[in-house]
There are 2 protein chains.
Amino acid sequence: MSPSQARRARQQQRTRQRILEAATAVLLKHGVDGFSMRRLAARIGYTPTAIYCYFADKESLLGEVVERQFMSFRSMFEKVERIHDPLRRLLEMGMAVVEFGLRHPDHYRLMFLTPHPALPKGRLVERGNPGQDCYAYLLSTVREGLEMQRFRTELRDAEQLAQVVFAAVHGLVALHLVKGDDPWVDWRPIKPKARIMIEGLIRGLSRTP
Amino acid sequence: MSPSQARRARQQQRTRQRILEAATAVLLKHGVDGFSMRRLAARIGYTPTAIYCYFADKESLLGEVVERQFMSFRSMFEKVERIHDPLRRLLEMGMAVVEFGLRHPDHYRLMFLTPHPALPKGRLVERGNPGQDCYAYLLSTVREGLEMQRFRTELRDAEQLAQVVFAAVHGLVALHLVKGDDPWVDWRPIKPKARIMIEGLIRGLSRTP
DNA sequence: AATCTGACTTAACACTGTTAAGTAATATTA
DNA sequence: TAATATTACTTAACAGTGTTAAGTCAGATT
């Protein structure tokens with residue numbers, strides 16, 4: 001590869017980043033629904049068509065934004081890493097997810113409430129690496145609990161347990177984001193609910209001494 | 001009101017129903033995303049504009065479809081009404097929700113995964129009536145459990161408990177519908193997960209004898 | 001018989017994602 | 001250095017969306 005080719009490639013990569021960052025900004029400002037290729041293009045001073053030189057379509061662009069967001073999602077778990085007890089860590093991980101959902105509702109929506117059909121992921125996040133992949137980190141925590149025989153004897157599948165715990169927390173956040181303003185239900189504050197739910201669930205799945 | 005005026009009003013009501021039924025059909029066939037006013041219009045042999053004589057906009061039309069769907073959602077609970085033990089009934093209600101989500105994914109999406117901003121609800125479903133309003137029924141079951149002192153002493157808020165239990169189940173269904181095809185996670189079958197989750201949660205929230 | 005009402009249509013607006021074809025600047029090659 | 005090729009974009013258009021103002025025409029009212 002010639003020097004000028006390398007420079008071009010670098011430039012191209014930088015433009016990609018610029019688009020991705022602008023996309024994230026537009027997303028934060030206008031929400032998932034208010035996001036459009038044309039708006040994004042206007043923001044970076046390009047025509048809508050230009051974006052298609054860097055991304056196949058809207059879906060895959062959003063997919064990459066999501067993956068970047070999963071990176072920052074993982075960073076929410078850093079503060080719980082020091083907790084030794086895996087079950088207590090599981091609790092605080094759940095609370096961190098709720099925290100993230102409340103702080104970044106649009107990103108949460110994009111990550112977990114919007115289907116992204118068959119995207120080639122794994123560009124940024126290394127799947128299965130607990131240091132980058134949130135699900136892998138959750139899994140490792142559950143595995144730790146299993147190894148310490150903290151769960152009921154009939155529960156042996158780490159994947160199953162991880163999915164159950166995450167789904168419960170996710171349900172709370174999802175309902176809050178989608179139905180939180182619905183006056184049909186007299187909604188109670190989410191954080192106490194989260195504590196009660198996760199503590200209750202963990203207690204119910206735990207081995208009783 | 002003259003006889004012919006009454007006839008007109010009846011006719012109008014019938015046309016409304018026809019549109020609502022066609023909308024439900026289009027929704028089932030093409031999903032929430034594939035639903036469009038124009039497609040719906042074509043199906044009933046009208047122009048798109050005609051629909052606006054009966055419904056303010058797409059949002060409120062879908063809102064009414066949702067409310068009808070909540071009616072049939074409530075009927076899923078009929079088979080658990082015979083269960084005497086409130087905590088066991090709670091478990092089976094959760095399983096019924098999962099069942100409904102698997103059977104009618106598009107309706108579930110529309111009901112619980114799509115925000116419907118500030119719709120004047122209560123046209124069909126009488127809010128607070130356990131026989132019609134699912135949430136009210138859930139609430140009554142939780143209240144029964146509370147009266148029988150089946151929950152831990154610190155848990156006294158029926159609304160809070162109901163929301164926690166439903167959110168957990170909802171999370172499972174929501175994740176299945178939105179992320180079920182995502183190969184990033186090695187998804188385990190949803191029904192066993194649901195049983196384990198609800199049993200675990202109820203056990204964890206229950207008073208230990 | 002003339003008027004009015006109301007159910008519906010026509011035609012258009014302002015959007016959306018996406019693509020084929022074109023352009024102008026830059027890099028490569030003869 | 002001049003001709004060619006590549007690259008980074010733009011122009012213009014297509015097909016679709018929700019929505020609305022204005023118009024039409026049959027049937028009810030007067």
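Throughout, a chain's letter reflects where its sequence line sits, starting with A, and its residues are numbered from 1. In this text the structure is predicted, and so the values were computed from the model without any measurement.
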Over all strands shown, is [X] touching base, sugar-phosphate only, or nothing at heavy-atom distances under 4.0 angstrom?
X: B/Q11; value: nothing
X: A/S36; value: sugar-phosphate
X: B/Y54; value: sugar-phosphate

> B/F70 and ring pair (Phe, Tyr, Trp, His ring centres under 6.0 Å): which partner among B/F77, B/F112, B/Y108, B/Y135?
Replying inline: B/F112
> A/D57 or B/G45: which one's nearest nucleotide on DNA chain C is closer to the 5' end?
Replying inline: B/G45
>> Parallel, tilted or perpendicular, judged at 30° and 60°: which one describes the rings of A/F73 and A/F100?
In response: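 If you compare the ring of A/F73 with that of A/F100, the planes turn out perpendicular.
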Mind calculating the distance between [atom1] ([X]) and [atom2] ([N]) to the nearest angstrom?
X: A/R7; N: D/dA8; atom1: CZ; atom2: C1'; answer: 14 Å
X: A/F55; N: C/dG17; atom1: CZ; atom2: P; answer: 15 Å
X: A/Q12; N: D/dT7; atom1: CD; atom2: P; answer: 9 Å
X: B/R18; N: C/dA7; atom1: CZ; atom2: C1'; answer: 13 Å
X: A/R10; N: D/dT7; atom1: CZ; atom2: C1'; answer: 16 Å
X: A/F35; N: C/dT16; atom1: CZ; atom2: P; answer: 11 Å
X: A/L40; N: C/dT16; atom1: CG; atom2: P; answer: 12 Å
X: A/K58; N: C/dG17; atom1: NZ; atom2: P; answer: 4 Å

> Any idea which of D/dT19, C/dG17, C/dC8 is nearest the B/T15 side chain?
Replying inline: C/dC8
> Nearest of D/dG18, D/dT7, C/dT18 to any side-chain atom of A/R8?
Replying inline: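 Shortest atom-to-atom distance from the side chain points to D/dT7.
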salt_bridge([X], [Y]) N-O dist < 4.0 Å:
X: A/R16; Y: A/E21; result: no
X: B/D181; Y: B/K179; result: no
X: B/R195; Y: B/E92; result: yes

> Looking only at N and O atoms, is any donor in the side chain of B/R38 or the base of D/dG16 less than 3.5 Å from an acceptor on the other one?
Replying inline: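 Not at all, since no donor on one side and acceptor on the other fall under 3.5 Å apart.
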> Considering only heavy atoms and no angle criterion, is a donor-acceptor pair shorter than 3.5 Å present between the side chain of A/T49 and the base of C/dT18?
Replying inline: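 Counting by modelled atom types and ignoring angles, no donor-acceptor contact under 3.5 Å is found here.
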>> Is the phosphate of D/dC9 approached by A/Y46 (side-chain N or O, under 4.0 Å from OP1 or OP2)?
In response: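 Answer is yes, contact under 4.0 Å.
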